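Only one structure is covered here, and it is reproduced in the block below.
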Protein chains: 2
Amino acid sequence: MTARRQERPLTTSELAEPRVPRRREVIPEATVARLPLYLRALHALADDATQTISSEALAEAAGVNSAKLRKDLSHLGSYGTRGVGYDVQHLISQISRELGLSRRCSVVLVGVGNLGRALAGYGGFASRGLGIDALLDADRALTGEQIAGLTVRHVDDLAEVVVPGSIGVIATPASAAQTVCDQLVRAGVTSILNFAPTVLTVPAHVDLRKVDLSIELQILSFHEHRKSLAEGVTA
Amino acid sequence: MTARRQERPLTTSELAEPRVPRRREVIPEATVARLPLYLRALHALADDATQTISSEALAEAAGVNSAKLRKDLSHLGSYGTRGVGYDVQHLISQISRELGLSRRCSVVLVGVGNLGRALAGYGGFASRGLGIDALLDADRALTGEQIAGLTVRHVDDLAEVVVPGSIGVIATPASAAQTVCDQLVRAGVTSILNFAPTVLTVPAHVDLRKVDLSIELQILSFHEHRKSLAEGVTA
DNA sequence: ACGCGCTTGTGAACGCGCGCACAAAGTCAG
DNA sequence: CTGACTTTGTGCGCGCGTTCACAAGCGCGT
């Protein structure tokens, strides 16, 4: 009767116990990356007062394959109803809980340049559940400035605004990114989102993700280049 | 002797012809996504007047595995020298050529809100080779405004600024994204980078990439949430 | 000239993720 | 209650990408 990890076979006898709200199953990274997509689509549906939704329709709205969607949802154990579909509200709360969006978690943004301001003002930055709580910058000239309802503080005050579970966002120039990153780590931040075009080094226990605007553009440039080559060959 | 597509086996007899500067090999998508990384690291090395670099060192600088880097580079046929490494300048030109950065290609940005301004001002948006050429917005109040050295034009003038090979960047609110996307496609754009948090639909011949700022944050939130759960269990 | 050591290029194995296709399970009408 | 229809959950095969490990090559010192 102990809550052991679910095995592959998944016999009917195991399913016979539906009162296991917390299955500590490992969720594939690829699935995690899609959950926010589903969540957004679900919120849109909820706004339209939709009660239930089939995997087919939700997959369409999220722009993914329906089988993939079902497999993704099965990972977090939120069962739909066969012949009917998924309950929109229930699914929203399931995914929100899994993503840790239920309890609002703190986000601190360092670097109030062009990009930083854009992120701060990104109204639906993270539509529901996430939102920036603190703005910091190394430039003392910016300290005290009001942006998007927040007062810019100096980066040296980092330790004061960071709470356990805070997520750090780096929107500084590349030259300052590693320094800021180190400061964040020292302040106890274990999840960092980096917008600066640099490779950052962090301790093993820190999660680091990066968004590189220029790389995306270069990838498109590659494909565009390829197309023009193909045309040249065809012509 | 005709330039046919490279086949899987890739026998030694094929390699016996080294005078084929253009091998029309298919480059894996994952490799393409890393080329900009290598390029950036190489530019940094070139600025330090470094002549040659080993795969080990370059991999370190780019934050990837060295075997992966070697395999990536082998795809585009730019051979290094065994026992020495890769020639920095040569590699830069190889990668730049492959990415289509040699001839400057046009980028048009639609949506001059917070994010659009940030992108326009993103000095090293795409450090070398790429840069935004036109700013457009649906708000006539913004028309004529000077941002980052460019004059904002109305989105209806789209057809006038798009040239064959142009890349479109959507930085509008989600509600306007699909409309703008359709306009871009109609104007002949076949590569689009979408920053709006929406699923866009495009014809099959159009390449669409998306950057979703809030999704990245939610992924981090998930991991942070997981950590706190793990601690809870441990404690 | 010749071997020694360094570095590249790649064969092969492994693991992950995707998508098909189908059985299980539920709903609804009569 | 029964049977037909709908939709979920998932077993399975496939292809891509990553990594190890090593043979092939190249320069350099002697």
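Chain letters run A, B, ... following the sequence lines, proteins first and then strands; every chain starts at 1. Scope of the values below: all heavy atoms of this structure, side chains included, with no hydrogens, waters or symmetry mates. Since the model is a prediction, treat every value here as computed from it, not as a measurement.
For the contact set between residues 85-93 of chain A and DNA chain D, defined by any heavy atom under 4.0 Å, the members are A/G85, A/Y86.
How far OG1 of B/T179 is from CG of B/L200: 10.0 Å, rounded to the nearest 0.5 Å.
Candidate nucleotides D/dG17, C/dT8, C/dG17 were compared by shortest atom distance to the side chain of B/P28, and D/dG17 ranks first. Listed nucleotides D/dT10, C/dG11, C/dC18 differ in distance to A/S74; the shortest reach to its side chain belongs to D/dT10.
Between the side chain of B/S221 and the backbone N or O of A/L99 there is at least one donor-acceptor pair closer than 3.5 Å. Side-chain atoms of A/H223 never come within 3.5 Å of backbone atoms of B/T190 as a donor-acceptor pair (strictly under, hydrogens ignored). In this structure, B/S74 contributes its side chain and B/K71 its backbone to a donor-acceptor pair below 3.5 Å.
Between A/L69 atom CG and D/dG9 atom C1' there is a gap of 12 Å when expressed in whole angstrom units. Going from atom CG of B/D72 over to atom C1' of C/dG9 covers 13 Å, rounded to whole Å. When rounded to the nearest whole Å, the span between NZ of B/K71 and C1' of C/dG11 equals 8 Å. In this structure, CG of B/L58 is placed 9 Å from P of C/dT8, rounded to the nearest angstrom. To the nearest angstrom, P of C/dG9 lies 10 Å from CG of B/L76. Taking atom CZ of B/R34 as the reference point, atom C1' of D/dC16 lies 12 Å away to the nearest angstrom. In this entry the distance linking CG of B/L73 with P of D/dG17 reads 16 Å, nearest Å. A/E56 has its CD atom 13 Å from the P atom of D/dT6, to the nearest Å.
The side-chain hydrogen bond (donor to acceptor under 3.5 Å, both in side chains) check on B/Q183 picks up nothing, with sequence neighbours excluded. Scanning for salt bridge (charged side-chain N to carboxylate O under 4.0 Å, His left out) contacts around A/R70 gives an empty result, with sequence neighbours left out. Taking A/R186 as the reference, nothing meets the salt bridge (charged side-chain N to carboxylate O under 4.0 Å, His left out) condition, with sequence neighbours excluded. When the salt bridge (charged side-chain N to carboxylate O under 4.0 Å, His left out) test is applied to B/K210, no partner is found at least two apart in sequence or on another chain. Residues meeting the salt bridge (charged side-chain N to carboxylate O under 4.0 Å, His left out) test with B/D133, sequence neighbours left out: B/R104. Residues meeting the side-chain hydrogen bond (donor to acceptor under 3.5 Å, both in side chains) test with B/R82, sequence neighbours left out: none.
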Collect all protein-nucleotide pairs involving nucleotides 1-4 of chain D in which both atoms are nitrogen or oxygen and the distance is under 3.5 Å.
none

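Pairs engaging residues 167-180 of chain A under the salt bridge (charged side-chain N to carboxylate O under 4.0 Å, His left out) rule: none recorded [sequence neighbours left out].
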Could you pull out all donor-acceptor pairs under 3.5 Å where a side-chain atom in residues 57-66 of chain B meets a protein atom, sequence neighbours excluded?
{"residue": "B/N65", "atom": "OD1", "partner": "B/A67", "partner atom": "N", "Å": "2.7"}
{"residue": "B/N65", "atom": "OD1", "partner": "B/K68", "partner atom": "N", "Å": "3.4"}

*asked:* Is there a side chain to side chain contact (heavy atoms under 4.5 Å, CB included) between B/L42 and B/Y86? Walk through the geometry before answering.
replied: CA-CA 10 Å; B/L42 285 166; B/Y86 298 89; over 6 Å; no

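Toward the 5' end of DNA chain C, the nearer of the two residues B/I53 and A/T31, judged by each one's closest nucleotide, is B/I53.
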Its contact letters, B for base, S for sugar-phosphate only and - for none at protein heavy atoms under 4.0 Å, make nucleotides 21-30 of chain D read B--BBBS---

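Rounded to 10 degrees, the angle between the two end axes of the helix from C/dA1-D/dT30 to C/dG30-D/dC1 is 10°, with five pairs used at each end.
B/K68 contributes no side-chain N or O that forms a donor-acceptor pair with the base of D/dG17 under 3.5 Å.
Among A/N194, A/T172, A/T201, A/V202, the single residue meeting the side chain to side chain contact (heavy atoms under 4.5 Å, CB included) criterion with A/Q178 is A/T201.
Under 4.0 angstrom from either OP1 or OP2 of C/dC20 there lies at least one side-chain N or O belonging to A/N65.
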